[in-house]
A.B. asks: 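Shown below is the structure under consideration.
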Amino acid sequence: GTTPVNIRGKPILSKTGGWIAAFFIFGNEMAERMAYFGLSVNMVAFMFYVMHRPFSSSANAVNNFLGISQASSVLGGFLADAYLGRYWTIAIFTTIYLVGLAGITLCATMRVFVPNQAGCDQLSILLGSCEQAKPWQMLYLYAVLYVTAFGAAGIRPCVSSFGADQFDERSRDYKAHLGRFFNFFYLSVTVGAIVAFTMVVYIQMKHGWGSAFGSLAIAMGMSNAVFFIGTPLYRHRLPGGSPLTRVAQVLVAAFRKRNKPFSDSVGIGLYELQGKRSAIKGSGKIEHTDDFRCLDKAALQLKEDVTDPNPWKLCTVTQVEEVKILVKLLPIPACTIMLSVILTEFLTLSVQQAYTLNTHMGHLKLPVTCMPVFPGISIFLILSLYYSTFAPLSRRITGHPQGASQLQRVGLGLAVSILSVAWAGVFERYRRNYAVKNGFEGLFLSPMPELSAYWLLIQYCLIGIAEVFCIVGLLEFLYQEAPDAMRSVGSAYAAVAGGLGCFVATIINNIVKSTTGNESEGRPSWLSQNINTGRFDYLYWLMAILSLINFGVFLFFARRYKYR
């Protein structure tokens, strides 16, 4: 049931796939991440400086874009596992992604899509006296932005799973290859982010917004070409039919038989097909477990099931176990939502911090929008040194062949993220007090020459370390633990958690603004547009407390989880 096939659907007996095929897939993911981060770091500024939208609404719009592109990833996972397969899902949605990027490039290039920029200097933008974008102009921008988000949603859950499909499960070194694959996969994500935070920012500063967004579209088009060139090399797994239908069948069948005792079964044990073949295309059989015994009622074979078999009344043990696995997996990615909240807040809040700090490195002045590149650099270094440094050291402590189990790595990442956001709160308190004490309180877009922006590197590097251990461990965990015919849906769990993190960040920001500020009383909120009168440090400490509680919840579920 799990035999890989080629593009024509014929079983593969040769050495097709492997690392060569995986590297073609890495190129597609690198360009997708470059576009994703390129939009996330530039779109807020584009909406603020060109479309003349308030900074807070611009940040929320981009957070929503990031959230939708990740939270709707379950759609791509569903289509891949149910009907299209991972290859065709990537092929279709990567083309949609390219169309969206082309539309954004047109918006930034053609004057008709943006408000009049005449006489609109930085002070006018801050005062809100520039010509506002027309409703249809914002509608067009949002439309192409969400077309891009829709394309990303289809790609994200499939790329990592499709890359991992290229390795033969029967190989003696399969687990070692799989672990290295996910590290290299996230390395390609990181390279895409680094390029977005440096080269794309440089292009924008030197050649304008149209060239910056156009470079993202060109990179995406080139990566699409590379992906299609690798088509003859890929190993494919046949889609196993609608996973949502199978889940619904189990729930309906279990509910119908909820009052039937197991002693009423006409056979020995629960219902399963005879032989090695599974009833689910693209899946091997899954052994029965004692968890969630209420769901086992769906595999209880009664007399009427023998004469009138109906998948909405009787399911196989494998089908029931698929649902159990999906339920057991759910708490782990849910506990990574808080990490995504921190990452989302850092993308916007730390840039505002950097505007008030000295970004000179010797004679070189680094653009503020390049600051988020430092987490990417720390991730790149850690992934490069993982197998030569971290794995051998941790192997001596844990005795685990890979240095640490997947859940141990996720937990380590969550713990480091708490340190990151706690340090951010400590430094922001110092930065704000320094600004007030030295007369910079009203100059929130002017750098303080004696206070270096490179103090932000501590929180950036810590969150980079957290991301490496948490996200790479999570992707590997979900791929290996998910049912054979639901691996794209399993991988979508990670993307959905990331998207929910963006939405949670927006909700937290809105609650903080409405509860901590009062314009009529002249009391600024924690998230005041003037960072020197706001209290970003309080927000960081609030997230540290929430992250600590979240870490306790993770430990509770991780200790009780049993690997397949």
A.B. asks: Less than 4.5 Å apart, side chain to side chain, heavy atoms only: is that true for T89 and F162?
C.D. replies: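 With C-beta onward as the side chain, the pair stays apart.
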
A.B. asks: Does the side chain of L141 come within less than 4.5 Å of F113's, by heavy atoms?
C.D. replies: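 Heavy-atom side-chain distance check fails, nothing below 4.5 Å.
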
A.B. asks: About how many Å separate CD of E481 and CD of E476, when rounded to the nearest 0.5 Å?
C.D. replies: 10.0 Å

A.B. asks: When you look at I203 and W209, which way does the side-chain contact (heavy atoms from CB on, under 4.5 Å) test go after all the steps?
C.D. replies: CA-CA 8 Å; I203 292 170; W209 295 103; over 6 Å; no

A.B. asks: Which label fits F227 and Y87: parallel for a plane angle under 30°, tilted from 30 to 60°, or perpendicular past 60°?
C.D. replies: parallel

A.B. asks: Working to the nearest 0.5 Å, report the span between CE of M220 and OG1 of T94.
C.D. replies: 3.0 Å

A.B. asks: Rounded to the nearest 0.5 Å, how far apart are CG of L329 and CG of L478?
C.D. replies: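 The CG atom of L478 is 6.0 Å from CG of L329, to the nearest 0.5 Å.
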
A.B. asks: Is the backbone of A31 close enough, under 3.5 Å, to the side chain of S223 for a donor and an acceptor to pair up by distance?
C.D. replies: no

A.B. asks: Take atom CZ of F23 as the centre, draw a 6.0 Å sphere, and report whether it contains more than 12 heavy atoms from other residues, nucleotides or ligands.
C.D. replies: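 Count over threshold, so yes.
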
A.B. asks: Between atom SG of C107 and atom CG of L145, what is the distance when rounded to the nearest 0.5 Å?
C.D. replies: 9.5 Å

A.B. asks: Between S420 (side chain) and V416 (backbone), is there a donor-acceptor pair under 3.5 Å?
C.D. replies: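 Between the backbone of V416 and the side chain of S420 there is no qualifying donor-acceptor contact (under 3.5 Å).
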
A.B. asks: With a 4.5 Å cut-off on side-chain heavy atoms, are P115 and M51 touching?
C.D. replies: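 M51 vs P115: side chains touch.
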
A.B. asks: Minimum heavy-atom separation for S161 to Y479, with atom names?
C.D. replies: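 Closest pair (atom of S161, atom of Y479, distance): O-CE1, 3.6 Å.
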
A.B. asks: Just checking, is any N or O donor in the side chain of E467 or Y186 under 3.5 Å from an acceptor N or O on the other one?
C.D. replies: yes

A.B. asks: Got I418 and L414 here, is their nearest side-chain heavy-atom distance under 4.5 Å?
C.D. replies: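 Of all side-chain heavy-atom pairs linking L414 with I418, none is under 4.5 Å.
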
A.B. asks: Before giving the answer on side-chain contact (heavy atoms from CB on, under 4.5 Å), spell out for I458 and L462 the whole-Å C-alpha distance, their side-chain angles and the decisive distance to 0.1 Å.
C.D. replies: CA-CA 6 Å; I458 297 176; L462 285 173; 4.1 Å; yes

A.B. asks: Hey, can you pull the donor-acceptor pairs under 3.5 Å for the side chains in residues 211-218, sequence neighbours left out?
C.D. replies:
unit_1: S211; atom_1: OG; unit_2: H207; atom_2: O; d: 3.4
unit_1: S215; atom_1: OG; unit_2: A212; atom_2: O; d: 2.5

A.B. asks: Can you tell me how far the CD atom of E32 sits from the OG atom of S188, to the nearest 0.5 Å?
C.D. replies: 10.0 Å

A.B. asks: Which heavy atom of Y140 sits nearest a heavy atom of L106, and at what distance?
C.D. replies: OH-CB, 3.8 Å

A.B. asks: Please find the pair of heavy atoms, one from Y234 and one from V226, that lie closest to each other, and give the distance.
C.D. replies: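 Residues Y234 and V226, closest heavy atoms: OH-O, 4.4 Å.
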
A.B. asks: For residues V200 and F37, determine if any side-chain heavy atom of one lies less than 4.5 Å from a side-chain heavy atom of the other.
C.D. replies: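 When only atoms from C-beta onward are counted, F37 and V200 do not touch, as no gap falls below 4.5 Å.
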
A.B. asks: Using only atom types and a distance under 3.5 Å, with no angle test, would you say the side chain of E321 pairs donor to acceptor with the backbone of T318?
C.D. replies: no

A.B. asks: For the side chain of Q406 and the backbone of L474, is there at least one donor-acceptor N/O pair under 3.5 Å apart?
C.D. replies: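 Absent.
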
A.B. asks: Supply the atom-to-atom distance N509 CG to E345 CD, rounded to the nearest 0.5 angstrom.
C.D. replies: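 Going from CG on N509 over to CD on E345, the span is 4.0 Å.
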
A.B. asks: Applying side chain to side chain donor-acceptor pair (under 3.5 Å), can you list everything that pairs with E322, at least two apart in sequence or on another chain?
C.D. replies: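 R246.
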
A.B. asks: When you measure from the side chain of R156 to the backbone of S69, do you find a donor-acceptor pair of N or O atoms at a distance under 3.5 Å?
C.D. replies: yes

A.B. asks: Per the side-chain contact (heavy atoms from CB on, under 4.5 Å) rule, which among L339, T336, V472 passes with V410?
C.D. replies: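 Single pass found, and it is T336.
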
A.B. asks: Using the ring of each side chain (for Trp, its six-membered ring), is F65 parallel, tilted or perpendicular to Y146, with breaks at 30° and 60°?
C.D. replies: tilted

A.B. asks: Looking at every non-hydrogen atom in both residues, tell me the closest pair between A505 and T344 and how far apart they are.
C.D. replies: CB-CG2, 3.9 Å

A.B. asks: State yes or no: are the ring centers of F26 and F181 separated by less than 6.0 Å?
C.D. replies: yes

A.B. asks: Could you walk me through whether Y561 and Y563 satisfy the ring pair (Phe, Tyr, Trp, His ring centres under 6.0 Å) test, starting with their C-alpha distance in whole Å, then the side-chain angles of each, then the deciding distance to 0.1 Å, before giving a yes or no?
C.D. replies: CA-CA 6 Å; Y561 186 85; Y563 288 93; 5.7 Å; yes

A.B. asks: Do the non-hydrogen side-chain atoms of M338 and V504 ever get within less than 4.5 Å of each other?
C.D. replies: no

A.B. asks: For a side-chain contact (heavy atoms from CB on, under 4.5 Å) check, start with the C-alpha distance between V99 and V144, then their side-chain angles and the critical distance, and finish with the verdict.
C.D. replies: CA-CA 8 Å; V99 170; V144 292; over 6 Å; no

A.B. asks: What are the two closest non-hydrogen atoms of I342 and S417, and how far apart are they?
C.D. replies: CD1-O, 3.9 Å

A.B. asks: Would you call the rings of F346 and Y460 parallel, tilted or perpendicular, where under 30° means parallel and over 60° means perpendicular?
C.D. replies: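 Taking Y460 first and then F346, their aromatic rings stand perpendicular (interplane angle over 60°).
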
A.B. asks: Would you say M199 has more than 12 foreign heavy atoms packed within less than 6.0 Å of its CE?
C.D. replies: no

